[in-house]
Amino acid sequence: QVQLVESGGGLVQAGGSLRLSCATSGRTYSTYRMAWFRQAPGKEREFVAAISWSSGNTYYADSVKGRFTISRDNAKNTGYLEMNSLKREDTAVYYCAARYGAILTRTRESYDYWGQGTQVTVSS
């Protein structure tokens, strides 16, 4: 069983930055993929970014490309989401997710393991 624990959320002004962390208990085999999703009030959970743990290949939603960076630290078994130039529309609960699979995907249903979520609020 893989456990994911997020941290780093909070309140930030528009234009500011935050870094989210996701500590994983999963074995980071070559097929291990980690992703971030977010869910705003009244909206569906949407894909933000994903990373292949072994290769470091990444995949971003268009809405965050150029502003957010997903990364991982093998030694710490922790993934990160660096968020810059934050906008009010980035306000949401952010979830870390993981899967073992051959491809890097943005499909929510493909991820088997989820963290509890961390709130990010961007004020104007």
Side-chain angles (χ1 to χ4, degrees):
Q1 185 72 10
V2 174
Q3 291 187 326
L4 303 170
V5 180
E6 301 109 330
S7 60
L11 175 64
V12 63
Q13 285 192 328
S17 299
L18 276 177
R19 188 177 78 158
L20 305 182
S21 301
C22 178
T24 176
S25 67
R27 299 285 184 96
T28 54
Y29 301 129
S30 62
T31 58
Y32 191 73
R33 322 291 179 192
M34 180 178 281
W36 290 91
F37 289 78
R38 66 187 182 186
Q39 188 166 19
K43 295 190 176 181
E44 291 194 354
R45 194 171 298 188
E46 66 173 2
F47 171 78
V48 175
I51 187 167
S52 290
W53 200 270
S54 59
S55 68
N57 288 340
T58 58
Y59 182 21
Y60 293 94
D62 287 343
S63 59
V64 306
K65 203 173 293 183
R67 299 189 298 124
F68 290 11
T69 302
I70 188 171
S71 63
R72 85 281 190 241
D73 184 327
N74 286 321
K76 296 182 178 180
N77 250 29
T78 299
Y80 302 97
L81 184 69
E82 184 77 36
M83 304 184 294
N84 298 313
S85 302
L86 282 161
K87 306 175 181 179
R88 288 192 65 186
E89 51 264 43
D90 294 319
T91 295
V93 177
Y94 283 71
Y95 295 91
C96 176
R99 68 186 292 266
Y100 292 96
I103 61 171
L104 198 56
T105 177
R106 63 183 298 149
T107 305
R108 183 180 61 199
E109 292 75 15
S110 298
Y111 289 86
D112 300 306
Y113 307 101
W114 292 84
Q116 79 285 358
T118 185
Q119 177 70 46
V120 171
T121 303
V122 184
S123 64
S124 57

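Because only heavy atoms are used, hydrogens play no part in the values below, and waters and symmetry mates are left out as well, while side chains stay in. These numbers were taken from a predicted model, which means no experiment stands behind them.
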State whether a side-chain donor-acceptor pair under 3.5 Å links T24 with Y113. no

For S124 against A14, the heavy-atom pair lying closest together: CA-CB, 4.4 Å

V48-L20 co-clustered via ILVMFWY side chain contacts under 4.5 Å: yes

Rounded to the nearest 0.5 Å, what separation is found between the OH atom of Y80 and the SG atom of C96? 11.5 Å

Between CZ of F47 and CZ of R38, what distance do you get to the nearest 0.5 Å? 11.0 Å

Yes or no on side chain to side chain contact (heavy atoms under 4.5 Å, CB included) for D90 and M83, after CA distance, side-chain angles and deciding distance? CA-CA 9 Å; D90 294 319; M83 304 184 294; over 6 Å; no

Ignoring hydrogens, what is the shortest heavy-atom contact between A49 and L81? Give both atom names and the distance. CB-CD1, 4.3 Å

What about Y29 and I103, same hydrophobic cluster or not, with Ile/Leu/Val/Met/Phe/Trp/Tyr joined at side-chain heavy-atom distances under 4.5 Å? no

So which atom in A61 and which in R106 form the shortest heavy-atom distance, rounded to 0.1 Å? CB-NH2, 4.3 Å

Can you tell me how far the OG1 atom of T78 sits from the CZ atom of R72, to the nearest 0.5 Å? 12.5 Å

Looking at CZ of R45 and OH of Y111, how far apart are the two atoms once the value is rounded to the nearest 0.5 Å? 13.5 Å

Between the main-chain N or O of S52 and the side-chain N or O of Y59, is there a donor-acceptor pair closer than 3.5 Å? no

Could you give the distance from CH2 (W36) to OG1 (T118), rounded to the nearest 0.5 Å? 7.5 Å

Quick one: closest heavy-atom pair of S17 and S85, and the distance? OG-N, 4.4 Å

Walk me through whether R108 and F37 qualify under side chain to side chain contact (heavy atoms under 4.5 Å, CB included). CA-CA 8 Å; R108 183 180 61 199; F37 289 78; 3.8 Å; yes

In terms of heavy-atom contacts, does CD of Q3 have more than 12 from other residues, nucleotides or ligands at under 6.0 Å? no

When you measure from the side chain of Q39 to the backbone N and O of A92, does any donor-acceptor pair fall under 3.5 Å? no

Keeping the roles fixed (side chain from E6, backbone from Q116), state whether a donor-acceptor pair exists under 3.5 Å. yes

Are L18 and L4 linked, directly or through intermediate hydrophobic residues, by side-chain heavy-atom contacts shorter than 4.5 Å (ILVMFWY only)? yes

Test item: T31 and R99 side chains (from C-beta on) under 4.5 Å apart, heavy atoms: no

Hey, could you give me the OH/CH2 distance between Y100 and W53, rounded to the nearest 0.5 Å? 10.0 Å

If I compare all heavy atoms of A50 with all of L104, which pair ends up nearest, and what's the gap? CB-CD1, 3.7 Å

Begin with the C-alpha distance, continue with both residues' side-chain angles, and end with the deciding distance and a verdict on side chain to side chain contact (heavy atoms under 4.5 Å, CB included) for L86 and F68. CA-CA 9 Å; L86 282 161; F68 290 11; 3.8 Å; yes

Specify the closest pair of heavy atoms between T105 and S110, including all atoms of both residues, with the distance to one decimal. CG2-CB, 3.6 Å

Check the surroundings of atom CD in E89: do more than 12 heavy atoms from other residues, nucleotides or ligands lie under 6.0 Å from it? yes

